[in-house]
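To start, the structure itself, in structure tokens.
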2 protein chains.
Amino acid sequence: MHTALAATASLPIQGPALLTGVPSFRPEREAVIVGAIRAFTKDEEIFAEGDRTVFVYKVVSGAVRTCKLLNDGRRQIASFHLPGDFFGIETGEEHRFTAEALGNTTVIKYRRGSLDTLPTGGEALSRQIIAAMMRALERAQAHMLLLGRKSAVEKIAAFLLDLAERETDHGHIDLPMSRTDIADYLGLTIETVSRTLTQLERQGIIAMPAQRRSIVLRNTAALQHLDS
Amino acid sequence: MHTALAATASLPIQGPALLTGVPSFRPEREAVIVGAIRAFTKDEEIFAEGDRTVFVYKVVSGAVRTCKLLNDGRRQIASFHLPGDFFGIETGEEHRFTAEALGNTTVIKYRRGSLDTLPTGGEALSRQIIAAMMRALERAQAHMLLLGRKSAVEKIAAFLLDLAERETDHGHIDLPMSRTDIADYLGLTIETVSRTLTQLERQGIIAMPAQRRSIVLRNTAALQHLDS
DNA sequence: CGCAAGATTGAGGTCGTTCAAATAAAGTGG
DNA sequence: CCACTTTATTTGAACGACCTCAATCTTGCG
């Protein structure tokens, strides 16, 4: 499913958006206020920390990471955004973090009102943005608990369960991100991520067929138990 | 005590909202749209994870912590709220975290609209809430970087600088919270917090007069450098 | 004063990191 | 399509930052 999305996504997309599969997406209303669609390739920057906040974005296909950097290069990924997710919502004049495509990715851009934080385009979209912002806040709070208080296994277990729930096929995950991305998301090193995954594989809780870019949850209950 | 809350808060809120500058607190203007004021004592619960989201709160005096718990008791404090800060903003029907008073604390409660997340009381208050939510999100993102990627010294340095900036006297901090709270906020143990503080004291970067409940920043530049 | 709770300090252990090497996957150009 | 390079991932061994456990000291309070 992700591979299929990615493949079509590299094609030039034009004309009005005709998307459907997105949760609570209503074409007849969106059509009026739809922004530009743009495609990005792997690791391409969508916006950087410090850029003017001109747009609000929504993932159409592919996936996006938003992250912050320390001056010595240490990185923390705040969140991964899958199709249907908004990102780039900011109150200030400048973006507080960087957004990059994980692979071939297409996004819709909505132009922000100049003095307002919410995009031009009507009440319904504003409401969607506010809801997205709240969801982001909730996720951030849950993620703080993970970063501050969970062990490596617990982090990985939580991560897999979360991804499984967000992707279409709940028992099978297509990882759109590298081990480095996972590590920078969970506050670990790539080595620990790798070791923990193989440990879970040896315990029969997960399976990693095909280039270890996809993961099958063989024992969700065990994972939930590990998540503490 | 929750019944008491509900009773006092059902006072009608009226009058047009006139607030503009969000960060500054202006009592004479607040008075128009004020909700119920309530006082809490040390460690008293303002609301708990799972409670119905009936109100949005603002700190008047004292300080509040919002936190999440793991089933085995591990705790992560998401944020400390000082006078003027909003908290308890949620999208769902239930609070996703617990809020408790750090010491003697008074808060204003604004009643939430029933179907809407935003409080009744006018456009301007809604706008304030949205702004507060965005600030919370920004802080959360910065805090994720701290929790996931910073060392103990860096965490403490960042914490002290942040508090100093938020409190009135920027060179002198009155800690409203215990070492345990600090530890649970920074993802450390109390022992590490204590050790790191004495280490900074020995280096002459900070001073801790009077029962170690107040901290003087003697070398802000050094602290900023440590924050990385 | 005497007790309870909070904070500091010390000693030792552990989980995750760091450094290093091997293996696997993905490009690249012929 | 195949050697060759480059990049990502896995695995191993040793180290270290922070934690755990435990004792001491301090502070607040009946």
Side-chain angles (χ1 to χ4, degrees), chain A residues 3 6 41-43 65 70 72-76 102-104 146-159 174-203 206-215 226 228, chain B residues 41-43 65 70 72-76 102-104 146-157 159 173-203 206-215 226 228:
Chain A
T3 39
T41 59
K42 184 169 154 60
D43 293 328
R65 63 171 172 255
L70 250 29
D72 64 353
R74 279 174 289 173
R75 186 177 71 154
Q76 177 64 46
L102 288 178
N104 289 334
L146 178 146
L147 290 171
R149 288 298 178 216
K150 288 189 182 177
S151 70
V153 211
E154 291 169 343
K155 285 176 177 182
I156 294 284
F159 172 69
D174 265 313
L175 293 177
M177 71 289 284
S178 69
R179 295 291 188 265
T180 308
D181 287 330
I182 299 176
D184 285 348
Y185 179 61
L186 299 178
L188 299 169
T189 58
I190 45 171
E191 293 94 332
T192 304
V193 170
S194 187
R195 269 188 265 269
T196 309
L197 283 174
T198 49
Q199 178 196 321
L200 290 176
E201 187 180 36
R202 269 199 280 265
Q203 295 171 346
I206 62 170
M208 294 188 284
Q211 298 82 303
R212 340 222 86 198
R213 265 282 167 152
S214 99
I215 292 184
L226 282 179
S228 162
Chain B
T41 58
K42 184 170 158 58
D43 293 328
R65 64 172 173 255
L70 250 28
D72 64 352
R74 281 174 287 173
R75 186 178 71 154
Q76 177 64 45
L102 289 179
N104 289 333
L146 177 144
L147 289 170
R149 288 297 178 217
K150 289 189 182 177
S151 70
V153 210
E154 291 168 344
K155 285 176 175 182
I156 294 283
F159 171 68
I173 307 171
D174 266 313
L175 292 178
M177 71 290 285
S178 69
R179 296 290 189 266
T180 307
D181 288 330
I182 299 176
D184 285 348
Y185 179 60
L186 299 178
L188 299 170
T189 58
I190 45 170
E191 293 94 333
T192 304
V193 169
S194 188
R195 270 186 264 269
T196 308
L197 283 174
T198 49
Q199 177 195 323
L200 290 176
E201 188 180 36
R202 267 199 282 266
Q203 294 172 347
I206 62 170
M208 294 189 284
Q211 300 80 318
R212 340 221 87 199
R213 265 278 168 155
S214 97
I215 292 185
L226 281 180
S228 162

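Order of the sequence lines fixes the chain letters, A, B, ..., with proteins taken first and strands second; residue numbering starts at 1 for each chain.
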Measure [atom1]/[X] against [atom2]/[N] and give the value in whole Å, please.
X: Lys155(A); N: dC15(C); atom1: NZ; atom2: P; value: 14 Å
X: Lys42(A); N: dT6(D); atom1: NZ; atom2: P; value: 18 Å
X: Leu197(A); N: dT11(D); atom1: CG; atom2: C1'; value: 14 Å
X: Arg179(B); N: dT26(D); atom1: CZ; atom2: P; value: 15 Å
X: Gln199(B); N: dA7(C); atom1: CD; atom2: C1'; value: 17 Å
X: Ile215(A); N: dT9(D); atom1: CD1; atom2: C1'; value: 13 Å
X: Leu175(B); N: dT8(C); atom1: CG; atom2: C1'; value: 15 Å
X: Ile182(B); N: dG6(C); atom1: CD1; atom2: C1'; value: 12 Å

TODO: Would you kindly compare Arg213(A) and Val153(A) by the position of their nearest DNA chain C nucleotide and give the one closer to the 5′ end?
DONE: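 Its nucleotide being nearer the 5' end, the pick is Val153(A).
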
Open item on the list: Both Asp43(B) and Ser151(A) contact DNA chain C. Which one's nearest nucleotide lies toward the 5' end?
Closed with: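 Residue closer to the 5' terminus by nearest nucleotide: Asp43(B).
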
Distance from [X] atom [atom1] to [Y] atom [atom2], nearest 0.5 Å?
X: Leu175(A); Y: Leu197(A); atom1: CG; atom2: CG; value: 8.0 Å
X: Asp181(A); Y: Arg75(A); atom1: CG; atom2: CZ; value: 5.0 Å
X: Leu226(B); Y: Leu200(B); atom1: CG; atom2: CG; value: 6.5 Å

Open item on the list: So Thr196(B) and Leu188(B), do their side chains get closer than 4.5 Å, heavy atoms only?
Closed with: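 The answer is no, as the side chains (C-beta and beyond) never meet within the 4.5 Å cut-off.
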
Open item on the list: Could you check whether any side-chain heavy atom of Leu186(A) comes within less than 4.5 Å of a side-chain heavy atom of Thr192(A), counting everything from C-beta outward?
Closed with: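 Not in contact.
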
Open item on the list: I'd like to know if Arg202(A) reaches the base of dT10(D) with its side chain, counting only an N/O donor and acceptor under 3.5 Å.
Closed with: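 No.
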
Task: Any residue of residues 183-193 of chain A with a heavy atom less than 4.0 Å from an atom of DNA chain C - done: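 Heavy-atom contacts with DNA chain C come from Gly187(A), Leu188(A), Thr189(A), Glu191(A), Thr192(A).
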
Open item on the list: If I compare all heavy atoms of Asp174(A) with all of Ser214(A), which pair ends up nearest, and what's the gap?
Closed with: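 Looks like OD1-CB, 3.5 Å.
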
Task: Comparing Arg149(A) and Arg195(A) on DNA chain D - which has the more 5′ nearest nucleotide - done: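 This one resolves to Arg195(A).
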
Open item on the list: Determine whether a donor-acceptor pair (N or O, by modelled atom type, separation under 3.5 Å) exists between the side chain of Arg74(B) and the backbone of Arg149(A).
Closed with: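 Confirmed, Arg74(B) side chain pairs with Arg149(A) backbone.
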
